[in-house]
Chemist: 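One structure, as structure tokens, below. Some questions next.
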Amino acid sequence: MNASAPFTPASHLFAWEMAHASPVYGANGRCRTPFGIFSKETAYIGTVIETIAAGDKIVSLRMSDPTGICVVNIDPRAESLYEKAEELDVPSFVYVFGTIRTRQSGVSDTAEISASIIQQVSRDARNSWILETAKETAERLARLPAENTEEFRTLLINAVSAAKPAEKKPEVSDEAVLSLIESLYEGKSAPRDKVLNALQERGMTEKQAKDTISRLMEEGECYAPKPDIIKLA
């Protein structure tokens, strides 16, 4: 994954699959999930949704990805990790490298990681991790009967959708703005508020709409004979 190239390589698992992991005894500390066997060390990127403190130290982070919740535990004696945790915004995207904990409490299916690295990252890094993890997971699921993986397949589809960048709204050209003003004429001019509202409906913010009209006036393309109306030059 290019976005996390400096990070330690490891198994990439979503929270849902980690939560269903169990230890494989005599297998060099590996763990087993419903869909494969992995190193207990994992590289995980999720969204910090809560920090949990004991006394004056943050001891754990509640993190989420599109498949579920993961709890990241911090050793209170690890001053560098504690300092990193103190600096995190809530919410924010965070990379964690650590060991999957397979303690079976029977209370919930929340994944747990004992952290050795914590680092805030960008949305692009989070999205890259989701897409790579989804790809690797889908390849494993393809080798299993569909009826055994139906729930997780749905979660993967949702995960990929969450990682897609938001569609950019098309820019409104100056020619389109002038044409819009003319189309809103009531008599020999267009009401200013209707022009601004129409530009916002086409994806501009209120400030962008006002700035665009002001610029076109400075360029002599239109003018305001009265404050509440606009006319083409």
Side-chain angles (χ1 to χ4, degrees), residues 1-5 12 14-16 44-50 62-70 87-95 119-139 141 150-233:
M1 172 173 64
N2 293 336
S4 62
H12 294 172
F14 285 114
W16 188 95
Y44 178 78
I45 296 180
T47 304
V48 174
I49 56 177
E50 183 184 5
R62 288 188 75 242
M63 297 178 61
S64 68
D65 66 46
T67 72
I69 301 295
C70 177
E87 296 170 357
L88 297 178
D89 297 322
V90 180
S92 62
F93 302 119
V94 172
Y95 165 88
Q119 183 172 334
Q120 190 162 329
V121 296
S122 67
R123 178 183 294 272
D124 286 344
R126 189 286 303 258
N127 288 349
S128 294
W129 179 85
I130 285 178
L131 294 175
E132 181 173 326
T133 305
K135 179 177 180 294
E136 293 176 0
T137 306
E139 290 173 351
L141 297 189
E150 182 177 356
E151 177 184 358
F152 200 34
R153 287 174 190 269
T154 301
L155 292 174
L156 285 184
I157 293 171
N158 294 338
V160 171
S161 296
K164 290 181 178 178
E167 294 184 5
K168 292 184 178 179
K169 295 184 176 179
E171 294 184 2
V172 183
S173 67
D174 289 351
E175 292 77 11
V177 174
L178 295 173
S179 178
L180 174 65
I181 293 172
E182 187 174 18
S183 72
L184 293 173
Y185 265 31
E186 295 178 1
K188 296 182 179 181
S189 61
R192 181 183 178 88
D193 58 347
K194 288 189 176 181
V195 173
L196 294 176
N197 289 337
L199 289 174
Q200 290 177 70
E201 289 174 358
R202 284 158 175 76
M204 287 187 179
T205 64
E206 182 180 2
K207 182 178 185 305
Q208 288 171 334
K210 289 180 178 179
D211 289 348
T212 298
I213 295 300
S214 296
R215 177 175 57 77
L216 289 173
M217 287 182 178
E218 291 173 1
E219 294 173 358
E221 298 289 349
C222 59
Y223 64 102
K226 293 182 180 181
D228 58 344
I229 62 174
I230 300 173
K231 293 186 69 173
L232 299 182

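Note that the structure is predicted; figures quoted are calculated from it, not measured.
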Chemist: Please tell me if the side chains of L199 and I213 come closer than 4.5 Å, counting only heavy atoms from C-beta onward.
Modeler: yes

Chemist: Of the non-hydrogen atoms in E87 and Q120, which two are nearest, and what is the gap between them?
Modeler: O-OE1, 4.3 Å

Chemist: Search all heavy atoms of Q208 against all heavy atoms of G203 and return the closest pair with its distance.
Modeler: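 What the structure gives for the nearest pair is OE1-O, 4.2 Å.
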
Chemist: Do V48 and P91 come close enough that some side-chain heavy atom pair is under 4.5 Å?
Modeler: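 Heavy-atom side-chain distance check fails, nothing below 4.5 Å.
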
Chemist: Does the side chain of I45 reach to within under 4.5 Å of the side chain of T133, using non-hydrogen atoms?
Modeler: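 Side chain of I45 against side chain of T133, heavy atoms only: no contact under 4.5 Å found.
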
Chemist: In chain order, what residues pass the side chain to side chain donor-acceptor pair (under 3.5 Å) check against E139, with sequence neighbours excluded?
Modeler: K135

Chemist: Under 4.5 Å between any side-chain heavy atoms of R192 and I229, yes or no?
Modeler: no

Chemist: Considering only residues two or more places apart or on different chains, which pairs with a residue in residues 179-190 satisfy salt bridge (Lys or Arg N to Asp or Glu O under 4.0 Å)?
Modeler: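 Found E186-K194.
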
Chemist: Who pairs with A134 by side-chain contact (heavy atoms from CB on, under 4.5 Å), at least two apart in sequence or on another chain?
Modeler: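 Result, side-chain contact (heavy atoms from CB on, under 4.5 Å) vs A134: F14, L156, V160.
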
Chemist: Where do A162 and R126 come nearest, in terms of heavy atoms and distance?
Modeler: O-NH2, 3.7 Å

Chemist: Is V177 close to R202 at the side-chain level, that is, under 4.5 Å between some pair of heavy atoms?
Modeler: no

Chemist: If you round to the nearest 0.5 Å, how far is OG1 of T47 from CE of M63?
Modeler: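 Answer rounded to 0.5 Å: 7.0 Å.
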
Chemist: Can you give me the closest heavy-atom contact between A159 and I130, atom names plus distance?
Modeler: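 Taking A159 first and I130 second, the nearest heavy atoms are O-CG2, 3.4 Å.
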
Chemist: Nearest heavy-atom pair of K231 and P225: which atoms, and what distance?
Modeler: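 The pair with the smallest heavy-atom distance is CD-CG, 3.8 Å.
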
Chemist: Rounded to the nearest 0.5 Å, what's the gap from CD on E132 to OG1 on T137? Could you check?
Modeler: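 E132 CD to T137 OG1: 10.0 Å, rounded to 0.5 Å.
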
Chemist: Do the side chains of L216 and L178 get nearer than 4.5 Å, heavy atoms only?
Modeler: yes

Chemist: Can you name the side-chain contact (heavy atoms from CB on, under 4.5 Å) partners of L155, sequence neighbours left out?
Modeler: W16, T67, F152

Chemist: Side-chain contact test, heavy atoms from C-beta onward, threshold under 4.5 Å: evaluate it for N127 versus F93 and give yes or no.
Modeler: no

Chemist: Backbone N or O of L180 within a donor-acceptor pair of the S183 side chain at under 3.5 Å?
Modeler: yes

Chemist: Under the side chain to side chain donor-acceptor pair (under 3.5 Å) definition, can you give me all pairs with a residue in residues 209-221, not counting sequence neighbours?
Modeler: D174-R215, E206-K210, K207-D211, R215-E219

Chemist: Say you draw a straight line from CD of Q119 to CG of L88; how long is it, rounded to the nearest 0.5 Å?
Modeler: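 Result: 10.5 Å between the selected atoms.
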
Chemist: Taking side-chain contact (heavy atoms from CB on, under 4.5 Å) as the test, write out the residues that go with P227, two or more places apart.
Modeler: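 With sequence neighbours excluded, P227 shows a side-chain contact (heavy atoms from CB on, under 4.5 Å) to no residue whatsoever.
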
Chemist: What is the distance from atom OH of Y223 to atom CG of L232, rounded to the nearest 0.5 Å?
Modeler: 9.0 Å

